[in-house]
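Only one structure is covered here, and it is reproduced in the block below.
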Amino acid sequence: MASSASNGEHKSTKPPPTPSPLRNSKFFQSNMRILVTGGAGFIGSHLVDKLMENEKNEVIVADNYFTGSKDNLRKWIGHPRFELIRHDVTEALLVEVDQIYHLACPASPIFYKYNPVKTIKTNVIGTLNMLGLAKRVGARILLTSTSEVYGDPLVHPQPESYWGNVNPIGVRSCYDEGKRVAETLMFDYHRQHGIEIRIARIFNTYGPRMNIDDGRVVSNFIAQALRDEPLTVQSPGTQTRSFCYVSDMVDGLIRLMEGENTGPINIGNPGEFTMIELAETVKELINPGIEIKMVENTPDDPRQRKPDITNAKKLLGWEPKIKLRDGLPLMEADFRLRLGVAKKV
Ligand SMILES: NC(=O)c1ccc[n+]([C@@H]2O[C@H](COP(=O)([O-])OP(=O)(O)OC[C@H]3O[C@@H](n4cnc5c(N)ncnc54)[C@H](O)[C@@H]3O)[C@@H](O)[C@H]2O)c1
Ligand SMILES: O=C(O)[C@H]1O[C@H](OP(=O)(O)OP(=O)(O)OC[C@H]2O[C@@H](n3ccc(=O)[nH]c3=O)[C@H](O)[C@@H]2O)[C@H](O)[C@@H](O)[C@@H]1O
């Protein structure tokens, strides 16, 4: 029997499947072959950079480029330990790998709401396909779930044991409910087939390489500040989020994959800000002359969000290092380069 969902230490009674014998038949042998779905995206490409630092890793990225870009991976294209495949995870993929980081899914609300049926297919069929692959080759699989599984949370901060408050028929449901089903599938494969699973519940992550017009709040505010446009705070502006810098996130994901705990484990930075506070910070750091404008919000926007990271600290020895005020200038420098806006002296 699996233990309770709150301590991140689920154990299946079944032994994991044996890795495919084909795995050992290659002439060139790295110690670990790793598949990263969604690896051309924001978090995925930073994860690939970190995994490629280890010479014993060979990395395969599968991505359909819906929100990601080859440009994010350009330094690895042509590298002997790296392979990039244009692939949609809603279709089966046959590769021999030891680990799967399953990130493929549009993450910004404007993109996941653009084609909600495709978003839910990506979360459900895509995760089923990756679990099928993990089962066939005996790979360990990590799912990047989300703090959105807590919906508009009635418990604050959110521990992993909280079951959430999600609208099942709303405009965000393709993503929220899609990720909840993906988590269910992970645990069903774990209990039924002994697959080694890891689930990270990621809280709002920001950093260099986010799409400039991604639509998420940090990228919006930085791009607006650099373009001398008003910062668009969606009403009421008192809603909160907790922002994690991408290098901290990648460190947490790798620790989770390499450790012994299935999760789900919250990975995020508990520093909590209202959207008005975030706008004021961006204004102060990047463009003090800019206006802050209140605009209409979208349905079902969670009113508060902050991770309880007790489990991540205890089970992974992980906690974020980069404060928002230190991370924003790193992202600003990247956006300035890409937008061609030099810093005034
Ligand atoms: N960034 C965050 O704040 C955050 C928070 C919680 C969870 N997550 C999760 O982390 C993962 C990565 O998020 P991100 O911020 O890097 O987003 P992103 O949009 O930059 O990256 C997602 C990647 O997945 C690819 N993709 C989408 N659908 C696909 C499909 N059907 N087949 C193959 N590839 C597909 C995209 O092209 C893109 O490269 C997602 O699973 C997201 O749900 C992110
Ligand atoms: O961390 C998570 O779990 C989830 O967080 C985000 O979802 P959300 O928090 O709604 O992200 P944003 O679109 O960045 O919105 C954050 C807040 O900023 C506000 N906002 C957004 C954009 C803007 O221009 N102005 C603004 O005030 C929104 O109303 C919202 O309250 C991500 O988009 C999801 O991929 C991720 O799974």
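One-based numbering, in listed order, for ligands and for the atoms of each.
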N/O of [X] under 3.5 Å from N/O of ligand 2, yes or no?
X: Met275; result: no
X: Gln234; result: yes
X: Val218; result: no

Nearest neighbour in protein (non-hydrogen) for atom 33 (O) of ligand 2: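 The closest one turns out to be Ala107 O, 2.8 Å.
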Closest candidate by heavy atom, reference atom 22 (C) of ligand 1, pool Gly38, Cys105, Gly41: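 That would be Cys105.
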Selected option - heavy-atom contact closest to atom 3 (O) of ligand 2, from Ser147, Gly268, Pro109: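 Comparing heavy atoms across Ser147, Gly268, Pro109, the nearest one to atom 3 (O) of ligand 2 lies in Ser147.
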Suppose I only count heavy atoms of [X] and a 4.0 Å limit; which atoms of ligand 2 are within that range?
X: Ser108; answer: 33 (O)
X: Thr232; answer: 23 (C), 24 (O), 25 (N), 26 (C), 27 (O)
X: Arg216; answer: 13 (O), 14 (O), 32 (C), 33 (O), 35 (O)
X: Phe203; answer: 1 (O)
X: Ile202; answer: 1 (O), 2 (C), 3 (O)
X: Arg172; answer: 7 (O), 8 (P), 10 (O)
X: Asn204; answer: 1 (O), 2 (C), 5 (O), 6 (C), 8 (P), 9 (O), 11 (O)
X: Asn297; answer: 29 (O)

Under a heavy-atom criterion of less than 4.0 Å, does [X] contact ligand 1?
X: His87; answer: yes
X: Ser145; answer: yes
X: Tyr175; answer: yes
X: Ala40; answer: yes
X: Glu148; answer: no
X: Thr37; answer: no
X: Arg201; answer: no

How does [X] reach ligand 2, by side chain, by backbone, by both or by neither, if only non-hydrogen atoms under 4.0 Å count?
X: Gln239; answer: side chain
X: Asn220; answer: side chain
X: Lys179; answer: neither
X: Asp301; answer: side chain

Part of Thr122 within contact of ligand 1 (heavy atoms, under 4.0 Å):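 Only the side chain of Thr122 comes within reach of ligand 1.
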Parallel, tilted or perpendicular: ring planes of Phe243 versus Tyr206, cut at 30 and 60 degrees: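 Phe243 vs Tyr206 ring planes: perpendicular.
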Parallel, tilted or perpendicular: ring planes of Phe187 versus His190, cut at 30 and 60 degrees: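 Ring orientation of Phe187 relative to His190: perpendicular.
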Asp251/Lys50 salt bridge by N-O under 4.0 Å criterion: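 Looking at Lys50 and Asp251, the cut-off is not met.
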Min heavy-atom dist Tyr175 to ligand 2 below 4.0 Å: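 Per 4.0 Å heavy-atom rule, Tyr175 contacts ligand 2.
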Within-shell test, Arg201 vs ligand 2, heavy atom, strictly < 4.0 Å: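 In this structure, Arg201 fails to qualify as a contact of ligand 2 - no heavy atom is under 4.0 Å.
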Backbone or side-chain N or O of Gly68 under 3.5 Å from ligand 1 N or O: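 Gly68 vs ligand 1: N/O contact under 3.5 Å present.
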Polar side-chain atom of Lys283 near backbone of Ile290 as donor-acceptor pair, under 3.5 Å: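 Yes, Lys283 side chain to Ile290 backbone: donor-acceptor pair under 3.5 Å.
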Cationic tip of Arg338 above Phe335 ring, under 6.0 Å, 45° of axis: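 Output yes; distance and angle both within limits.
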